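Please read these numbers as outputs of a predicted model, since none were measured by experiment. Throughout, protein chains are lettered first and strands after them, A, B, ... in sequence-line order, and every chain is numbered starting at 1.
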Amino acid sequence: MLDAKFIRENPDIVRQALKDRNDKFDLDAFLSLDDERRRLMRQVEELSALQNKIAEEMKIIIKEKKDTAAKISEGKEIKKKIAEVDKTYSDLEAKFKDQLLRIPNVPHSSIPKGHPSNNKIVKEWGEKRKFDFKPLGHIELAEGLDIIDFKRAAKISGSNFVIFKGAGARLERALIAFMLDLHTQKHGFKEIFPPMLVNRDSMRGTGQLPKLEEDMYKLKDDDLFLIPTAEVPVTNIHRDEVLKEEELPIYYTAYTACFRREAGSYGKDTKGLTRVHEFDKVELVKFVKPETSYDELEKLLNNACTILEMLNIPYHVLMLATGDISFAAAKCYDIEIYAPGIDKWLEVSSCSNFEDFQARRASIRFKEKETGKLKFVHTLNGSGVALARLVVAILENYQQPDGSLLCLKF
RNA sequence: GGAGAGGUGGCCGAGUGGUUUAAGGCGUCGGUUUGCUAAACCGAUGUAUGGUCGUAAGGCUGUACCUGGGGUUCAAAUCCCCACCUCUCCGCCA
């Protein structure tokens with residue numbers, strides 16, 4: 001979230017950010033809510049000060065063994081008044097906090113403004129493979145090789161679930177191991193294996209709640225959520241903590257399954273592996289000092305790109321426009337890989353700098369050695385990379401005329 | 001799931017309704033002493049949020065915070081209720 005004081009003092013910056021994001025949030029209503037809230041806060045505090053004073057005076061009266069009746073009724077009077085004003089105040093405060101959590105981050109000045117069509121291609125790597133036969137899509141390839149079973153997955157779970165079988169299952173496992181090993185051994189990340197069910201506080205910390213609750217799988221009886229990405233548990237590792245300056249930067253990488261309801265995207269990419277409810281992903285998460293976060297974003301992006309280069313999959317990198325970046329991000333790169341069978345670019349990674357937006361929500365701070373002050377860290381994350389769509393690209397890019405794969409021996 | 005014990009500042013830990021301004025210790029920072037280090041001694045040391053003064057660093061001031069929420073009371077770390085978490089034992093279980 002943004003700092004309430006920052007919003008109060010820079011309403012124009014926030015208004016512009018909302019406009020650039022095409023977000024309908026009513027800032028003026030928020031600002032007057034804030035005014036009213038502070039007015040009532042002052043009232044409650046003044047009354048509380050009086051109440052504290054009466055309690056102090058009471059101590060003296062008891063010590064001097066004087067009559068307490070008058071003071072007690074004075075105290076009762078104040079108590080009643082506080083209860084009245086405080087009711088209104090706490091209702092307002094709750095509303096204020098909820099609204100504050102619904103204001104998106106301010107986009108970084110370096111990114112294009114407006115509609116997703118303004119996303120800018122900032123990098124292109126590799127060449128689209130030329131086929132001397134008509135390339136198949138991954139569904140036909142996978143079913144021909146009997147390495148993925150969509151039908152039975154639908155039977156046991158529902159549509160848009162997937163079963164990997166035999167070499168397909170092994171490919172999935174091998175890719176996970178390959179990515180984790182690369183990031184831990186070459187890129188300096190520490191491997192984490194986090195819980196995949198998280199509580200409400202964690203979902204709020206990284207920004208999935210309160211706005212996106214309907215997109216999440218939820219266990220109602222326990223108020224737990226299935227994680228949509230490892231970003232959630234891993235970033236929340238340091239929720240409500242004060243880190244030492246010398247601990248930073250912290251790099252974590254984690255494999256998890258990711259669960260997405262994809263509510264509202266029915267009819268879109270309904271076939272195959274490109275949009276499934278449960279997929280595997282290796283995620284990269286960083287906690288860094290504020291002044292380094294944009295350099296760290298570039299490094300993070302490179303770490304993800306390395307995976308694709310080592311697998312020799314053509315990709316390009318988009319710098320997302322203000323209208324396309326996620327709620328919590330200030331700047332975001334998407335990496336898309338090319339799938340020649342279905343002739344589509346598929347997003348396999350989103351590398352974002354959240355600046356202090358998540359850190360403020362989740363209260364992740366560090367103590368600056370020189371000044372002794374507490375500051376919010378900057379958090380970043382990116383996929384390195386998402387599996388299901390990567391498998392699409394591997395199958396389609398490495399296919400041979402007979403429907404077998406160049407890179408897989410059966 | 002059952003029974004019991006707990007949750008206090010960066011950390012350890014005292015604290016059964018108002019002389020507590022959360023004792024004491026550790027740590028950290030500053031100082032004295034010192035050839036250097038250490039020790040000793042002295043001093044300082046939370047967070048959030050509002051008001052106000054200041055160009056600013058910051059000052060002054062209010063409020064809240066002893067896991068979280070609710071209650072009792074003129075007054076709650078302290079009493080009561082609920083939740084969460086940790087530990088011990090029992091049961092169940094991959």
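- A donor-acceptor pair under 3.5 Å is formed between the side chain of A:N10 and the backbone N or O of A:F6.
- At whole-Å resolution of the value, CG in A:L47 and P in B:G62 are 16 Å apart.
- Nucleotide B:C60 has B:G51 as its partner under the Watson-Crick or G-U criteria, with both atom distances under 3.5 Å.
- The distance from atom CD of A:E77 to atom C1' of B:C74 is 12 Å, rounded to the nearest whole Å.
- Residue contacts shown for A:K76 are limited to sugar-phosphate atoms, with no base heavy atom under 4.0 Å away.
- Taking the P atom of each, B:A38 and B:C29 are spaced 11 Å apart, rounded to whole Å.
- Between the CG atom of A:N199 and the P atom of B:G68 there is a distance of 16 Å, given to the nearest Å.
- Atoms CG (A:D221) and C1' (B:A83) sit 16 Å apart, rounded to a whole Å.
- The aromatic rings of A:F189 and A:Y251 sit tilted relative to each other, their planes meeting at an angle between 30° and 60°.
- In this structure, CZ of A:R39 is placed 15 Å from C1' of B:G51, rounded to the nearest angstrom.
- If you check the side chains of A:Y255 and A:E283, you find no donor sitting under 3.5 Å from an acceptor.
- Ion pairing between a basic and an acidic side chain is recognised when a charged N comes within 4.0 Å of a carboxylate O; A:K95 and A:D91 show no such pairing.
- Base pairing of B:G9 is not made with any nucleotide, judged by Watson-Crick or G-U wobble geometry with both donor-acceptor distances under 3.5 Å.
- Looking only at atom types and distance, the side chain of A:Y315 has a donor-acceptor partner in the side chain of A:K123 under 3.5 Å away.
- In this structure, the CZ atom of A:R200 is 17 Å from the P atom of B:G69, given to the nearest Å.
- When the P atom of B:U47 is taken as reference, atom CG of A:L243 falls 16 Å away, rounded to whole Å.
- Atom pair A:E45:CD and B:G62:P shows a separation of 11 Å (rounding to whole Å applied).
- Salt bridge annotation for A:K289-A:D295: absent, with no cationic side-chain nitrogen under 4.0 angstrom from a carboxylate oxygen.
- The pairing partner recorded for B:A83 is B:U67, the criterion being a Watson-Crick or G-U wobble arrangement whose two distances lie under 3.5 angstrom.
- Separation of the P atoms belonging to B:G25 and B:C41 is 10 Å when rounded to the nearest angstrom.
- Counting non-hydrogen atoms under 4.0 angstrom, A:I78 reaches nothing in the nucleic acid.
- A heavy-atom distance below 4.0 Å to RNA chain B is reached by these residues of residues 51-61 of chain A, ordered by number: A:Q51, A:N52, A:A55, A:M58, A:K59.
- The side chain of A:R8 sits closest to B:G50 out of B:G50, B:A75, B:U47.
- Across the C1' atoms, B:U28 and B:C12 are found 15 Å apart, a figure rounded to whole Å.
- The residue A:K367 sits apart from the nucleic acid: no heavy atom pair falls under 4.0 Å.
- At a threshold of 4.0 angstrom between heavy atoms, the contacts of A:K80 with the nucleic acid are absent.
- Contact between A:A362 and A:R239 at its shortest, heavy atoms only, is O-CG, 3.2 Å.
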